[in-house]
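Scope of the values below: all heavy atoms of this structure, side chains included, with no hydrogens, waters or symmetry mates.
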Amino acid sequence: MPIDSPYSGGRTAWSSTVTVQGQNIPARYWYDGEHVHNAKEDAAEVALKHLNGSSPSSPATSRSGW
């Protein structure tokens, strides 16, 4: 999973993309450096739901404890 970061000064945000069968599937959100692992998990979740034919939900409803 590649990690992307558009640096625009100040804070840096990170996202991730998963490639499945030649199709790039990006994470839904951008994360700060301390939570870059969430970008990887988010991209993987989007890809899994894409493969299963369902649309991903927001993190507030799909992850407990938020």
Enquirer: Side chain of Asn24, backbone of Val18: donor and acceptor closer than 3.5 Å?
Expert: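 No; zero donor-acceptor contacts below 3.5 Å.
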Enquirer: Please identify each residue that fulfils side-chain contact (heavy atoms from CB on, under 4.5 Å) with Gln21, with sequence neighbours left out.
Expert: none
Enquirer: Which atoms form the tightest heavy-atom contact between Tyr29 and Asp42, and what is the distance?
Expert: N-OD2, 3.3 Å
Enquirer: Check whether any side-chain heavy atom of Tyr31 sits under 4.5 Å from a side-chain heavy atom of Asn38, and report yes or no.
Expert: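 A side-chain contact exists here, since the closest heavy-atom pair is under 4.5 Å.
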Enquirer: Taking all non-hydrogen atoms of both residues into account, name the closest pair between Trp14 and Ala39 and its distance.
Expert: O-CB, 4.0 Å
Enquirer: With heavy-atom distances below 4.5 Å as the criterion, would you say the side chains of Leu51 and Val20 are in contact?
Expert: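 The answer is yes; the side chains approach within 4.5 Å.
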Enquirer: Applying side-chain contact (heavy atoms from CB on, under 4.5 Å), name anything that partners His37, two or more places apart in sequence or on another chain.
Expert: His35, Glu41
